[in-house]
Peer 1: 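Just passing along the structure, written as structure tokens.
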Amino acid sequence: MIAVLIMLYCVMKKKVTLALAAVAAFTVPLSACSPSNTAAESHDHASHAESDAHAEHGDHNPGVDKTAEEAYEKLARLAVSTETGVTVLDYDMTPIDSFDLGGRPTLTTAGDDRHVMAVQGKANKIDVIDGGSWTKPHGDHVHYYRSAPSVADSPIEGTKPTHVVGNDATGVTALYFDGDARALILTPDQLAEDDFSGVELKSSAPHHGVAVPLMNGQVLLSKKGEEMSDSMELLDESNNVLNEFKCPRMHGEVVFENTAIFGCADSILRVDGDKETIIKSPDDSGERVGAIVANQDGSAFLGDWAEDSLLLVKGSEASVIDFPSAFTNRVSLPGGGFAVFGTDGKLRALDNDGKTTKEFNIMDGWTKPEGHGGVMPMMAAGESQATKFVFISEPQNNKVHRINLSADEIESFEVDGTPSSLAVVNGR
């Protein structure tokens, strides 16, 4: 009983500490940061939680790294891409480690919510980073674990890697290599063991494509058309074609459980398992989806539609939402809704119907670079310590901004190098 009271006291003390910290100056050089009392308290509580859990249940989590520390709550981490590689920041934005990858990667959180895939298309490789923070289900509850971040000894190699798609429901991650017309499907256990053999699937010919993992071990794999992908093939693990869905000039995809959405030249393709729905384009502008995200429960999908408008898909209907400016990537928010960051320097939180619910002034206006792959502000979102956060990089001033959507607070942190792509682990 005494131990429980002490733990409750420490938790309340930590919450007060965080609230006071939010009142401090918004710009904090990370080079001057050191682990706070909050971090020390977290480690103390993690040790108590681990001891109590093992005393009650025994060592019931086989496969967990023996050097991992059990935490008392979810503590997300942020991976930041710079011109030389990746820096991992802890839940309190303290830098933990940096990995020199020989260039600037594009980051995507894997389906297991623990690993980050650092893609360098020109270098023909994907480095796999273990973010060192993850959640493991156990019966009617979950356990939270933390360890030092690390990078796999050898990258996954292939010609022109591009799209990385994770299925949050299964934890499976699909990688696609444009130049090889090859997809590599990896399970959470394989990623945890740095085993990148996986299941390999082959498409018809090299092209800018994608592989999308579904719930039942099946995969949707793009098929080359005259110029771009013109259809999605439904394959089993033996590369057998089970079905094919037409999608001219396919680009832009997302998966939620067993539902996948794709942008096509003249429509939006929705695939539920082995059944398709063709959703009519909402206007005659000739636009198509270029990238799309799903909300928390898969009831709404948000994509780009022209320079300053968004496409909202709900069920079998699509509608256009006007936006005040051009924008960078869209992200799904924990608990529902989306966030969009505009070139006017403002972050807007949207509900599942695309209506703006909150607005934050983050930085001065900025201009999108021409073409693909340019360095510009990017976003990620996640939940940590029961708090919803959005993270935005500001490469112009070597900063990362953390927006607390639960308390409507903004904090800014300097980073070493020029930040761009971001990825959150253990934040779902």
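FYI, the numbering just counts along the sequence from 1.
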Peer 1: Establish, from distance only, whether the side-chain atoms of Asn295 and Asn352 form a donor-acceptor pair under 3.5 Å.
Peer 2: yes

Peer 1: Does the pair Ser197 and Asp195 meet the rule for a side-chain hydrogen bond (donor to acceptor under 3.5 Å, both in side chains), with working shown?
Peer 2: CA-CA 6 Å; Ser197 53; Asp195 172 12; 2.8 Å; yes

Peer 1: Going by an N to O cut-off under 4.0 Å, is there a salt bridge joining Glu83 and Arg104?
Peer 2: yes

Peer 1: Quick test of your reading of the model: are Asp130 and Arg114 salt-bridged, counting only N-O distances below 4.0 Å?
Peer 2: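 The answer is yes: the pair qualifies as a salt bridge.
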
Peer 1: Answer yes or no: is there a donor N or O on one side and an acceptor on the other, between the side chain of Ser203 and the main chain of Ser222, under 3.5 Å?
Peer 2: yes

Peer 1: Once rounded to the nearest 0.5 Å, what's the spacing between atom OG1 of Thr173 and atom CG of Asp168?
Peer 2: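 Taking OG1 in Thr173 and CG in Asp168, the distance rounds to 9.0 Å.
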
Peer 1: Val128 versus Pro155: any side-chain heavy-atom pair under 4.5 Å?
Peer 2: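 When only atoms from C-beta onward are counted, Pro155 and Val128 do not touch, as no gap falls below 4.5 Å.
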
Peer 1: With a 4.5 Å cut-off on side-chain heavy atoms, are His208 and His163 touching?
Peer 2: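 In short, these two side chains touch, coming nearer than 4.5 Å.
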
Peer 1: Under 6.0 Å from the ring centre and within 45 degrees of the ring axis: does the NZ or CZ of Arg146 meet both conditions for the six-membered ring of Tyr91?
Peer 2: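 Ring-cation test returns no.
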
Peer 1: What's the spacing between Phe327 CZ and Asp304 CG if we round to 0.5 Å?
Peer 2: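 That separation rounds to 5.5 Å.
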
Peer 1: What residues form a side chain to side chain contact (heavy atoms under 4.5 Å, CB included) with Gln218, not counting sequence neighbours?
Peer 2: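 Gln218 satisfies side chain to side chain contact (heavy atoms under 4.5 Å, CB included) with Asn216, Leu234, Leu242 once adjacent residues are dropped.
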
Peer 1: Is the positively charged end of Arg330 above the ring of Phe338, judged by distance under 6.0 angstrom from the centroid and angle within 45° of the axis?
Peer 2: no

Peer 1: Taking the side chain as everything from C-beta on, heavy atoms only, tell me whether Met363 gets closer than 4.5 Å to Phe341.
Peer 2: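 Result yes, sub-4.5 Å side-chain heavy-atom pair found.
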
Peer 1: Within the 3.5 Å criterion, strictly below it, is a donor on Asp92 or Thr94 matched to an acceptor on the partner's side chain?
Peer 2: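 Distance-only check passes for Asp92 and Thr94.
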
Peer 1: Does the side chain of Thr159 pick up a donor-acceptor pair with the side chain of Asn124 at under 3.5 Å?
Peer 2: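 The answer is no; no qualifying pair exists.
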
Peer 1: Below 4.5 Å, heavy atoms only, C-beta onward: do Leu269 and Ile278 meet side chain to side chain?
Peer 2: yes

Peer 1: Nearest 0.5 Å please: distance from the CZ atom of Arg77 over to the CG atom of Asp90.
Peer 2: 4.5 Å

Peer 1: Decide whether Asp178 and Thr162 meet the rule of one side-chain donor and one side-chain acceptor closer than 3.5 Å.
Peer 2: yes

Peer 1: Counting C-beta onward and ignoring hydrogens, is there a side-chain heavy-atom pair between Val331 and Val293 closer than 4.5 Å?
Peer 2: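 Side chain of Val331 against side chain of Val293, heavy atoms only: no contact under 4.5 Å found.
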
Peer 1: Taking the side chain as C-beta and beyond, is there a heavy-atom pair between Leu311 and Ile268 under 4.5 Å?
Peer 2: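 In short, these two side chains touch, coming nearer than 4.5 Å.
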
Peer 1: Between Asp100 and Thr84, do the side chains contain an N or O donor and an N or O acceptor separated by less than 3.5 Å?
Peer 2: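 Their side chains do not contain a donor-acceptor pair, so the 3.5 Å distance test is not met.
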
Peer 1: Taking the side chain as every heavy atom from C-beta outward, state whether Phe360 and His401 have any pair of such atoms under 4.5 Å apart.
Peer 2: no

Peer 1: Could you measure the distance from the CD atom of Glu317 to the NZ atom of Lys314? Nearest 0.5 Å is fine.
Peer 2: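 Separation between the atoms: 11.5 Å.
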
Peer 1: Would you call Glu200 and Lys202 a salt bridge, taking side-chain N to carboxylate O under 4.0 Å as the test?
Peer 2: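 Salt bridge absent between Glu200 and Lys202.
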
Peer 1: Would you say that Pro213 contacts Val165 through its side chain, given a criterion of any heavy-atom pair below 4.5 Å between the two side chains?
Peer 2: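 Heavy-atom side-chain distance check passes, below 4.5 Å.
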
